[in-house]
Amino acid sequence: MRLYSLSVLYKGDPKVHLLKAAYDVSTFNFFQRSSVQEFMTFTSQLIAERSPLGSRASVKEQEYLCHVYVRNDGLAGVVIADNEYPQRVCFTLLDKVLDEFSRQVSKMDWISGSPATISYSALDGYLSKYQNPRDADPMTRVQAELDETKIILARKQNSCCEIM
């Protein structure tokens, strides 16, 4: 399970523009990293542009799943992850990031902002924290522990039956 990109965009009247983004392209070949990052930026903008205000969606693009959340105020977030990453955790992350971003960055800066002018540094931290959904999300952690408990109980039940 892996997160590759976390982007915050603004869906303005003429088009969508990127406000801030974080990328983890460390698993790609060194010579491919810049083109993969450009692909993720382009895909994030395209998906946010095609999504209506107030919507959430997940879109499959090649071997990636792109999760988008566009709020009614035009602020949008896109997470690009692999196919195994839990969808619910992606949308929890997007909710958290967009709420925090809207509190820390003035709405006036959304309209004309760019990655160079917006001062919001939390995206890299969120991207690394959420690489393991089990560590970042309490509900995922509880589900994983429950699954482990089921496996242990099944093993114990099987071993008890073998003794008889």
Side-chain angles (χ1 to χ4, degrees), residues 1-28 32-143:
M1 286 187 269
R2 190 141 195 92
L3 290 179
Y4 298 106
S5 169
L6 174 58
S7 306
V8 177
L9 306 103
Y10 180 67
K11 187 172 180 159
D13 206 10
K15 66 175 199 161
V16 171
H17 64 274
L18 183 67
L19 297 176
K20 210 66 175 173
Y23 304 95
D24 181 359
V25 291
S26 60
T27 57
F28 296 96
Q32 294 176 320
R33 290 179 184 173
S34 63
S35 59
V36 168
Q37 188 170 318
E38 286 177 29
F39 160 77
M40 289 182 187
T41 302
F42 173 76
T43 302
S44 296
Q45 289 175 313
L46 186 65
I47 290 171
E49 193 172 293
R50 293 183 178 179
S51 300
L53 294 177
S55 68
R56 295 173 193 260
S58 295
V59 178
K60 185 167 177 45
E61 179 60 38
Q62 296 179 16
E63 67 266 13
Y64 309 105
L65 262 177
C66 307
H67 307 279
V68 61
Y69 173 36
V70 182
R71 298 184 346 170
N72 287 322
D73 59 5
L75 195 62
V78 178
V79 169
I80 299 178
D82 64 10
N83 291 323
E84 296 174 14
Y85 202 91
Q87 179 181 12
R88 189 189 57 73
V89 179
C90 289
F91 286 114
T92 301
L93 172 60
L94 287 172
D95 276 338
K96 182 182 274 190
V97 166
L98 293 180
D99 284 344
E100 186 178 295
F101 186 89
S102 65
R103 284 193 309 271
Q104 292 184 13
V105 178
S106 167
K107 195 169 186 173
M108 299 306 247
D109 293 335
W110 301 356
I111 298 164
S112 60
S114 71
T117 61
I118 300 288
S119 65
Y120 179 74
S121 58
L123 287 184
D124 288 316
Y126 280 124
L127 191 63
S128 67
K129 177 183 177 185
Y130 275 78
Q131 283 302 331
N132 185 349
R134 185 175 178 180
D135 293 342
D137 183 55
M139 198 174 222
T140 304
R141 185 179 320 114
V142 169
Q143 183 63 47

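- Considering all non-hydrogen atoms of both residues, L53 and G74 come closest at CD2-CA, 3.8 Å.
- Across G113 and I118, no two heavy atoms sit closer than the pair CA-CD1, 3.9 Å.
- A 4.5 Å side-chain heavy-atom check between W110 and D73 finds at least one atom pair inside the cut-off.
- In terms of modelled atom types and a separation under 3.5 Å, the side chain of K60 and the main chain of Q62 share a donor-acceptor contact.
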**Study point:** Verdict with supporting geometry, Y130 and T92, side-chain hydrogen bond (donor to acceptor under 3.5 Å, both in side chains)
**Key:** CA-CA 10 Å; Y130 275 78; T92 301; over 6 Å; no

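- With values rounded to the nearest 0.5 angstrom, D24 atom CG is found 8.5 Å from S128 atom OG.
- The minimum heavy-atom distance between L94 and G77, with the atom names listed, is CD2-C, 3.5 Å.
- Residues Q37 and F28 have side chains not in contact (no heavy-atom distance under 4.5 Å, counting atoms from C-beta outward).
- Neither side chain, Y64 nor T43, offers a donor N or O lying under 3.5 Å from an acceptor on the other.
- The pair R71-D99 counts as a salt bridge, with a side-chain nitrogen and a carboxylate oxygen less than 4.0 angstrom apart.
- Panel note: side chain H17, backbone I111; a donor-acceptor pair is recorded below 3.5 Å.
- Using modelled atom types, one side-chain atom of D82 and one backbone atom of R2 make a donor-acceptor pair closer than 3.5 Å.
- Looking at L18 and S7, their side chains come closer than 4.5 Å, going by heavy atoms from C-beta outward.
- With rounding to the nearest 0.5 Å, the separation of CG in D109 from CG in L19 is 9.0 Å.
- Atom NZ of K15 has 12 or fewer neighbouring heavy atoms from other residues, nucleotides or ligands inside a 6.0 Å radius.
- At a threshold of 4.5 Å between non-hydrogen side-chain atoms, the residues Y120 and V105 count as touching.
- A salt bridge is defined here as a Lys NZ or Arg NE, NH1 or NH2 lying under 4.0 Å from an Asp or Glu carboxylate O, and D95 with R56 meets this definition.
- Nearest heavy-atom pair, S26 versus R33, reported as atom, atom and distance to 0.1 Å: O-NH2, 3.1 Å.
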Point to revise | side-chain contact (heavy atoms from CB on, under 4.5 Å) evaluation trace for Y23 with T41 | key: CA-CA 9 Å; Y23 304 95; T41 302; 2.4 Å; yes

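- Side-chain contact between F91 and S58 is present, with heavy atoms from C-beta onward closer than 4.5 Å.
- Going from atom NZ of K20 over to atom CG of L9 covers 13.0 Å, rounded to the nearest 0.5 Å.
- A donor-acceptor pair under 3.5 Å links the side-chain atoms of S102 to the main chain of L98, judged by distance alone.
- By the 4.5 Å heavy-atom criterion applied to side chains, Y126 and E100 are counted as neighbours.
- Rounded to the nearest 0.5 Å, atoms CZ (R88) and CG (L93) are 11.5 Å apart.
- Considering all non-hydrogen atoms of both residues, C90 and V79 come closest at SG-CG1, 3.9 Å.
- A donor-acceptor distance shorter than 3.5 angstrom exists from the side chain of K11 to the backbone of E49, with no hydrogens or angles considered.
- Side chains of L3 and I80 form no contact here, defined as non-hydrogen atoms less than 4.5 Å apart.
- Nearest heavy atoms, P86 versus M1: CD-SD, 3.6 Å.
- The structure places CG of L127 at 5.0 Å from CD of Q131, a figure rounded to the nearest 0.5 Å.
- Between Y10 and V16, every side-chain heavy-atom pair lies at or beyond the 4.5 Å cut-off.
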**Study point:** Criterion side-chain contact (heavy atoms from CB on, under 4.5 Å) on V59 and L65, from CA distance to verdict
**Key:** CA-CA 6 Å; V59 178; L65 262 177; over 6 Å; no

